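Written out below as structure tokens is the structure these notes cover.
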Amino acid sequence: MKRISITLPVILLIMLVSQRASAQDYRLAAGVRLGNTSPTLSNGISVKYFATDKTALEGIVAWGNRFGFGGLLEVHNKFTTPGLSWFIGGGAYVGFQDGDTYLGPTGVVGLDYKFTNAPVNLSLDWKPELDILPEINFIPDAFALTIRFTLK
């Protein structure tokens with residue numbers, strides 16, 4: 001937890017200083033999300049669609065300790081490095097495990113990179129979750145790497 005509280009403000013500061021606005025490098029991407037098994041939206045399938053140049057919708061179907069699915073609305077901002085952007089957003093999820101239903105909001109902050117000469121996108125994010133059902137529980141250790149195939 002100490003590492004998160006130190007690293008996250010540094011990453012956010014770098015993102016704010018380095019941002020510039022421009023069009024996204026792809027419109028639609030689908031692939032595999034690899035994360036730890038603590039959160040509902042951990043290992044699974046991710047599909048990201050850019051509704052505008054800066055706004056993306058991401059859907060995740062996950063299986064880890066829980067089977068679950070969720071949706072995120074993300075706002076992307078470009079760095080000066082071609083293909084690299086950072087994003088922030090939020091959404092909701094529902095999960096199922098051992099007869100219990102888990103439901104709650106989630107936030108997300110991360111980095112997104114689209115390779116210039118290949119239809120591949122990498123995304124590294126932190127997506128903490130707050131279970132509201134079946135009982136209130138905060139899951140802060142929700143880190144993942146997503147590898148997607150991009151389509152224009």
Side-chain angles (χ1 to χ4, degrees), residues 1 3-64 66-95 101-115 119-133 136-152:
M1 191 64 174
R3 192 175 5 184
I4 292 171
S5 62
I6 294 169
T7 306
L8 186 59
V10 171
I11 290 172
L12 289 174
L13 180 62
I14 291 169
M15 289 178 191
L16 290 173
V17 170
S18 303
Q19 74 176 336
R20 68 178 174 102
S22 66
Q24 189 57 16
D25 298 308
Y26 62 95
R27 178 65 72 200
L28 177 66
V32 179
R33 179 179 174 83
L34 306 169
N36 54 338
T37 58
S38 298
T40 298
L41 300 178
S42 56
N43 296 317
I45 303 296
S46 167
V47 176
K48 184 179 277 194
Y49 171 74
F50 278 86
T52 69
D53 285 346
K54 293 181 73 170
T55 306
L57 301 170
E58 183 176 3
I60 301 169
V61 176
W63 55 87
R66 304 174 186 163
F67 170 77
F69 55 93
L72 297 163
L73 175 64
E74 302 166 351
V75 176
H76 284 246
N77 293 286
K78 300 288 268 175
F79 284 109
T80 54
T81 304
L84 183 62
S85 65
W86 66 276
F87 60 92
I88 191 166
Y93 64 92
V94 62
T101 300
Y102 295 82
L103 177 71
T106 184
V108 67
V109 62
L111 298 172
D112 191 84
Y113 182 72
K114 164 62 175 77
F115 288 90
V120 177
N121 162 248
L122 297 178
S123 183
L124 180 64
D125 66 58
W126 176 53
K127 190 189 56 48
E129 297 176 351
L130 178 63
D131 290 338
I132 294 177
L133 291 177
I136 294 180
N137 182 35
F138 180 62
I139 300 109
D141 59 337
F143 296 93
L145 171 68
T146 306
I147 304 162
R148 297 184 194 94
F149 178 76
T150 62
L151 305 166
K152 279 286 181 184

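What's counted below: heavy atoms across the whole structure, side chains too, no hydrogens, waters or symmetry copies. What you see is a predicted model; the values in this text were computed from it and never measured.
With sequence neighbours left out, Ile132 forms a side-chain contact (heavy atoms from CB on, under 4.5 Å) with Pro105. Taking the ring-ring contact (aromatic ring centres under 6.0 Å, His included) definition, one finds that Tyr113 meets it with Phe115, sequence neighbours left out. In this structure, the side-chain contact (heavy atoms from CB on, under 4.5 Å) partners of Val61, at least two apart in sequence or on a different chain, are Phe67, Phe69. By the side-chain hydrogen bond (donor to acceptor under 3.5 Å, both in side chains) test, Ser46 is found to be paired with Glu58, Arg148, residues two or more places apart in sequence or in another chain being considered. With sequence neighbours left out, the side-chain hydrogen bond (donor to acceptor under 3.5 Å, both in side chains) criterion links Thr101 to no other residue. For Glu129, the side-chain hydrogen bond (donor to acceptor under 3.5 Å, both in side chains) partners are Lys127, not counting sequence neighbours. Looking at residues two or more places apart in sequence or on another chain, you find a side-chain contact (heavy atoms from CB on, under 4.5 Å) between Leu103 and Val94, Leu133. Looking at residues two or more places apart in sequence or on another chain, you find a side-chain contact (heavy atoms from CB on, under 4.5 Å) between Ile45 and Trp63. Under the side-chain hydrogen bond (donor to acceptor under 3.5 Å, both in side chains) criterion, Arg33 pairs with Asp125, not counting sequence neighbours.
Here the CD1 atom belonging to Ile60 is positioned 5.0 Å from the CG atom belonging to Leu72, to the nearest 0.5 angstrom. If you take CD1 on Ile139 and OH on Tyr93, they are separated by 4.5 Å, rounding to the nearest 0.5 Å. Note that OG of Ser42 is 9.0 Å distant from CZ of Arg66, once rounded to the nearest 0.5 Å. A distance of 5.5 Å separates OH in Tyr49 from CZ in Arg27, rounded to the nearest 0.5 Å. Atom OG1 of residue Thr146 and atom CG of residue Asn43 lie 10.0 Å apart, to the nearest 0.5 angstrom.
Taking each heavy atom of Thr40 and Gly95 in turn, the nearest pair found is CG2-CA, 3.6 Å. Residues Lys114 and Pro119 approach most closely at NZ-CA, 4.1 Å, considering heavy atoms. Of all heavy-atom pairs spanning Ser38 and Asp141, the tightest one is OG-OD2, 3.1 Å. Across every non-hydrogen atom of Trp126 and Pro140, the tightest pair is NE1-O, 2.6 Å. For the pair Val120 and Thr150, the tightest heavy-atom approach, listed with the atom from each and the gap, is N-OG1, 3.9 Å.
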In sequence, state the C-alpha distance, the side-chain angles, and the governing distance for Leu122 and Leu111, and then conclude on side-chain contact (heavy atoms from CB on, under 4.5 Å). CA-CA 8 Å; Leu122 297 178; Leu111 298 172; over 6 Å; no

Stepwise side-chain contact (heavy atoms from CB on, under 4.5 Å) test for Asn137 and Tyr102: CA-CA 10 Å; Asn137 182 35; Tyr102 295 82; over 6 Å; no

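Ring pair Tyr26/Phe50 is perpendicular by interplanar angle, where above 60° counts as perpendicular and below 30° as parallel.
You'll find the side chain of Leu73 reaches within 4.5 Å of the side chain of Leu57, heavy atoms only.
Listed by first and then second residue, the salt bridge (charged side-chain N to carboxylate O under 4.0 Å, His left out) pairs involving residues 41-50 are Lys48-Glu74, Lys48-Asp112 (not counting sequence neighbours).
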